[in-house]
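Atoms considered below: every heavy atom in the structure, side chains included; atoms not considered: hydrogens, waters and symmetry mates.
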Number of protein chains: 2
Amino acid sequence: MVTIHDVAKLAGVSVATVSRVMNDHARVAEKTKTRVERAINELNYAPSVLGRNLRTSKSSLLLVLIPSISNPFYTEIINGIEDTAIARGYNILLCETDSNPQRETIYFNLLRNRLAEGIISMDPSVNKNKLNELAESYPIIQCSEYDTESPIPYVTIDSEKAAYEAVTHLIELGHRKIALINSDERFLYARQRRNGYEQAMKQHGLAIREEWLYNAPQLKFAAGQEAISTLMQLEDKPTAIFAVSDIYAIGALKEIHRKGKKVPEDIALIGFDKISFSDMACPSLTTISQPMYEMGRISAEMIMDKLNGVNVSSKVLEHRLVCREST
Amino acid sequence: MVTIHDVAKLAGVSVATVSRVMNDHARVAEKTKTRVERAINELNYAPSVLGRNLRTSKSSLLLVLIPSISNPFYTEIINGIEDTAIARGYNILLCETDSNPQRETIYFNLLRNRLAEGIISMDPSVNKNKLNELAESYPIIQCSEYDTESPIPYVTIDSEKAAYEAVTHLIELGHRKIALINSDERFLYARQRRNGYEQAMKQHGLAIREEWLYNAPQLKFAAGQEAISTLMQLEDKPTAIFAVSDIYAIGALKEIHRKGKKVPEDIALIGFDKISFSDMACPSLTTISQPMYEMGRISAEMIMDKLNGVNVSSKVLEHRLVCREST
DNA sequence: GTGAAAGCGCTAACAC
DNA sequence: GTGTTAGCGCTTTCAC
C-alpha cells in the first residue's frame with residue numbers, strides 16, 4: 001500500500017506538504033504542488049480513509065438503516081438519499097437491519113466509532129431507546145417512520161390524512177363495506193392509517209366491522225393473498241379494500257383474480273406508496289403516491305445540515321391520490 | 001467518545017490488558033479480566049473500528065457493487081450475501097455504482113484504503129481493467145456478470161443454455177416467430193442470451209429476423225413496453241417473445257394488454273430471473289429461475305475463503321424453467 | 001500475567 | 001512556503 005510518505009519521498013517534500021496538496025489547504029507553491037501531484041499520479045496514491053478519519057473524526061459516510069432491501073418503497077427513498085449525499089461528497093453505508101436488534105447494535109457502533117457520521121433510519125422497529133440515546137450525541141434523522149415521543153427530526157407524510165382520503169375515495173365511488181389490510185400496528189404508520197380509515201368511515205356514518213380489519217404479519221405479497229382468502233370467506237363480504245401498502249394490494253389483486261372475481265367490478269382496491277410495479281399490475285392500481293425520492297433527498301439534506309451545525313426541523317411532505325383502474 | 005484509555009484507567013490496568021481482554025488473546029488473569037469487563041460495561045465502551053483497522057488492516061467489511069438497488073434480482077442476491085457475511089462476522093457496504101466510473105473509483109479506494117477487505121461485484125459495466133488490476137492485490141469475486149478474459153473467479157449461471165431452453169420451450173409450444181427483448185449487448189449476459197436464442201432458432205430451422213431483435217436501453221418496465229410498441233408495428237409480427245429479464249417481460253405484458261391482445265393466446269411471453277413480481281403479473285409469468293439467494297451465499301463464501309487464503313474457483317449454478325400462465 | 005512503548009497513515013499546530 | 005512533530009485509538013512486540 002502506497003502511503004503519504006512514499007509520495008513525499010518521491011516528490012522530495014515533507015508529508016505535511018503532500019497533505020496540504022491533497023486537501024488544498026494552505027498556500028503551496030505552484031511548482032511544489034505540480035511536483036507532488038505528479039508523484040501522486042505516478043504512484044497511483046489514494047489517501048487512507050482510515051488514517052484520515054482517525055485524525056479528523058470525519059468519514060464522509062452516512063448510515064442508512066432499512067428493515068429490508070426488498071421493498072421498492074425503500075429503494076426509491078435510497079435513490080434520493082444517495083444522489084444528494086454523493087453530490088455533497090458523502091457516501092452511503094446501507095444497513096439492512098432485518099428488524100434484528102443485534103444487527104442494529106453493530107451499525108450503531110459504527111457511528112460511535114466515528115466510522116459513520118450520522119444515521120438516516122427508516123426502520124420502524126428500531127430500538128427507540130437506543131436511538132434516542134444516540135441522538136443526543138450524533139446526528140440522526142428518521143425517514144418515513146418516526147417516534148412521536150422522540151425529539152429526533154423526521155421526514156414523512158401525513159399517513160392519517162392520506163388514509164382518510166383513500167377511504168373517502170372508495171366511499172365516494174359508492175362503497176359502504178370497506179375492508180382494511182393493515183400492517184402490524186406496532187408501527188406508527190399502521191396505527192395512523194387505521195385512524196384515517198376509521199375517521200372516514202365514521203364521518204360517513206358507515207359501520208366498521210372488526211372482521212373487515214386484517215393485520216398482515218409481514219410485508220409480502222403473500223400476506224395480501226392471505227388477507228383476501230380470509231375476507232372472502234366472510235358472510236358479509238366487503239366490496240372495497242384499502243391496503244396500506246401496494247405490496248398487499250398487489251397480492252390481494254392476484255388472489256381476487258384467482259377466485260374468479262373482477263377488480264374493480266366485484267371488489268375495488270386501493271393501495272399505498274405508488275411503487276413502480278403498481279402501474280404494471282392489471283388492472284393498474286389506484287394508490288396513494290408518496291414522494292419517496294423527495295423524502296430521501298430531504299432526509300439527506302437534513303442530516304448534512306445537522307452535520308454542519310444547522311438546526312433542522314421535521315417535515316411533512318405532500319401525498320397524492322393517484323386514480324387508476326382498480327377503483 | 002470513550003476510548004480504550006478510559007477503560008484502562010477505570011479498571012486500573014494498562015491499555016494493553018484491555019486490548020487483550022477485548023480480543024481474548026493472551027492469558028489474562030481471571031480477576032483482571034472481570035475487572036476490565038466490568039469497566040467496559042460501565043463505560044459502555046465500543047472499540048473504534050478506525051483505530052483497530054489502522055493497526056490491523058482488517059475491517060470486516062465487504063464491498064458489494066451493484067448497478068442499481070431498484071432491481072429485485074440484485075436485492076435477492078444481496079440477501080444471500082448478507083446472511084452469509086453476517087454469520088461470519090462480516091458486514092456489507094452496499095455500493096450503488098449507477099454504472100458511473102467516478103463512483104466506482106470512490107468505492108475502489110475504500111478497498112485500497114483497507115476500509116473494506118474485498119469486493120463482490122455485480123456491476124456489468126464496471127471498469128474491467130481497474131477491477132483486474134485491483135484483483136492482483138485484493139480478493140474480488142464477480143457475481144452473475146463476469147469477464148471471460150479475466151482471472152477473477154465468478155458465480156453465475158449458464159445464460160446461453162438457459163436462453164436456449166427458454167426459446168426451445170416456445171418452439172415446442174408451436175411458435176415459429178419468436179422475438180427477443182434483450183439488454184444492451186455490451187453486457188456479457190446479453191450476448192450469451194442472444195446466442196442461446198439464435199442457437200435454438202437455428203437448430204429448429206427457424207428464421208431469425210433482424211426486426212424481431214429488440215435491444216432495450218435501460219432495465220426498466222418502460223423498456224419492455226416500448227419494445228412491444230415497436231414489435232407490434234411490424235408487418236410480420238412475432239407470436240412469442242423471449243425477454244432476457246422479467247422486468248422487460250412485465251412491461252411487455254402490460255403493453256400487450258393495453259393493445260387489447262391476450263397473453264398467451266395472441267402472444268406468448270417468457271421472462272428471465274423469477275423475481276417476486278413475476279408471479280404477481282397476470283397472467284403469471286413463465287420464466288427462467290435463477291438461484292439468486294444461492295448465488296449471493298456462494299459469492300460471500302468464496303470471498304471469505306479467499307480472505308482466509310483458501311483457493312476458490314468459479315461456479316456455474318443451475319437454472320430452472322418455471323412454466324406458468326404466460327406461455 | 002502485565003506494562004511500556006512503537007507505530008499503523010494521516011492532519012494540523014507550531015516553528016522557521 | 002515548507003518541515004517537524006504530536007497524536008487520533010488501537011494492537012503487539014518486548015521487557016519485566
Side-chain angles (χ1 to χ4, degrees), chain A residues 1-40 43-61 89 109-117 137, chain B residues 1-40 43-61 89 109-117 137:
Chain A
M1 179 172 184
V2 28
T3 76
I4 200 170
H5 287 100
D6 303 321
V7 178
K9 205 163 151 193
L10 181 62
V13 297
S14 75
V15 292
T17 301
V18 178
S19 173
R20 280 192 271 260
V21 172
M22 291 300 300
N23 303 284
D24 48 52
H25 264 335
R27 2 5 39 157
V28 180
E30 204 52 50
K31 256 170 108 173
T32 331
K33 198 174 163 187
T34 331
R35 209 139 37 91
V36 171
E37 280 168 347
R38 189 144 42 212
I40 288 172
L43 295 175
N44 194 16
Y45 167 69
S48 161
V49 182
L50 251 37
R52 174 179 289 170
N53 292 4
L54 191 56
R55 188 58 228 238
T56 59
S57 287
K58 298 202 88 214
S59 65
S60 299
L61 229 42
N109 279 343
L110 293 181
L111 187 65
R112 307 201 312 172
N113 289 330
R114 308 283 185 188
L115 223 191
E117 295 183 36
S137 320
Chain B
M1 178 175 186
V2 28
T3 75
I4 199 170
H5 287 99
D6 304 320
V7 178
K9 207 164 151 191
L10 181 62
V13 297
S14 74
V15 293
T17 302
V18 178
S19 173
R20 281 192 269 259
V21 172
M22 292 299 301
N23 304 284
D24 47 53
H25 262 335
R27 23 319 71 155
V28 180
E30 204 51 49
K31 256 171 108 175
T32 331
K33 199 173 162 188
T34 329
R35 208 139 38 90
V36 170
E37 279 166 348
R38 190 145 41 215
I40 288 173
L43 295 174
N44 193 14
Y45 166 68
S48 162
V49 182
L50 250 39
R52 176 179 286 171
N53 291 3
L54 190 55
R55 189 58 229 239
T56 60
S57 288
K58 297 203 88 214
S59 64
S60 299
L61 229 43
N109 280 343
L110 293 181
L111 188 65
R112 307 202 311 172
N113 289 331
R114 307 283 184 188
L115 222 190
E117 295 183 35
S137 319

Considering all heavy atoms, the nearest [X]-[Y] contact:
X: A/Ala11; Y: A/Arg35; answer: O-NH1, 2.7 Å
X: B/Met1; Y: B/Ser48; answer: CE-CB, 3.8 Å
X: B/Val7; Y: B/Ile40; answer: CG1-CG1, 3.7 Å

Taking only the side-chain heavy atoms of [X] (C-beta and beyond), determine which of [options] contains the nearest atom.
X: A/Thr56; options: C/dG3, C/dC10, C/dT11; value: C/dT11
X: B/Thr32; options: C/dA5, C/dG1, D/dG1; value: C/dG1
X: A/Arg20; options: C/dC14, D/dT12, D/dC8; value: C/dC14
X: A/Ser48; options: C/dG9, C/dT2, D/dC10; value: C/dG9
X: B/Val13; options: D/dC10, C/dG3, D/dT2; value: C/dG3
X: A/Arg27; options: C/dG1, D/dG1, D/dC10; value: D/dG1

Respond yes when some side-chain nitrogen or oxygen of [X] is under 4.0 Å from OP1 or OP2 of [N], and no when none is.
X: A/Thr3; N: C/dG9; result: no
X: B/Thr17; N: C/dG3; result: yes
X: A/Arg52; N: C/dT11; result: yes
X: A/Ser19; N: C/dT11; result: yes

Check the distance between [N]'s [atom2] and [X]'s [atom1] and give it to me in whole angstrom.
X: B/Arg112; N: C/dC10; atom1: CZ; atom2: C1'; value: 16 Å
X: B/Glu30; N: C/dT2; atom1: CD; atom2: C1'; value: 15 Å
X: A/Arg55; N: C/dG7; atom1: CZ; atom2: P; value: 18 Å
X: A/Lys31; N: D/dT2; atom1: NZ; atom2: P; value: 10 Å
X: B/Met1; N: D/dC8; atom1: CE; atom2: P; value: 12 Å
X: B/Arg35; N: C/dG1; atom1: CZ; atom2: C1'; value: 12 Å
X: A/Ile4; N: D/dT4; atom1: CD1; atom2: P; value: 14 Å
X: B/Asn53; N: D/dC10; atom1: CG; atom2: C1'; value: 10 Å

* To do: Keeping the roles fixed (side chain from B/Thr56, backbone from B/Arg52), state whether a donor-acceptor pair exists under 3.5 Å.
  =>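 Answer holds: yes.
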* Any side-chain heavy-atom pair of A/Val28 and A/Thr17 under 4.5 Å ->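 When only atoms from C-beta onward are counted, A/Thr17 and A/Val28 do touch, with a gap below 4.5 Å.
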* Asked: Is B/Asn23 touching bases, backbone alone, or none of the nucleic acid, heavy atoms closer than 4.0 Å?
  ->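 Sugar-phosphate: the residue B/Asn23, judged by heavy atoms under 4.0 Å, touches backbone atoms but no base.
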* Asked: Hey, which of these two, B/Leu54 or B/Ala16, hits DNA chain C nearer its 5' end, going by closest nucleotide?
  ->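 Taking each residue's closest nucleotide, the earlier one in sequence belongs to B/Ala16.
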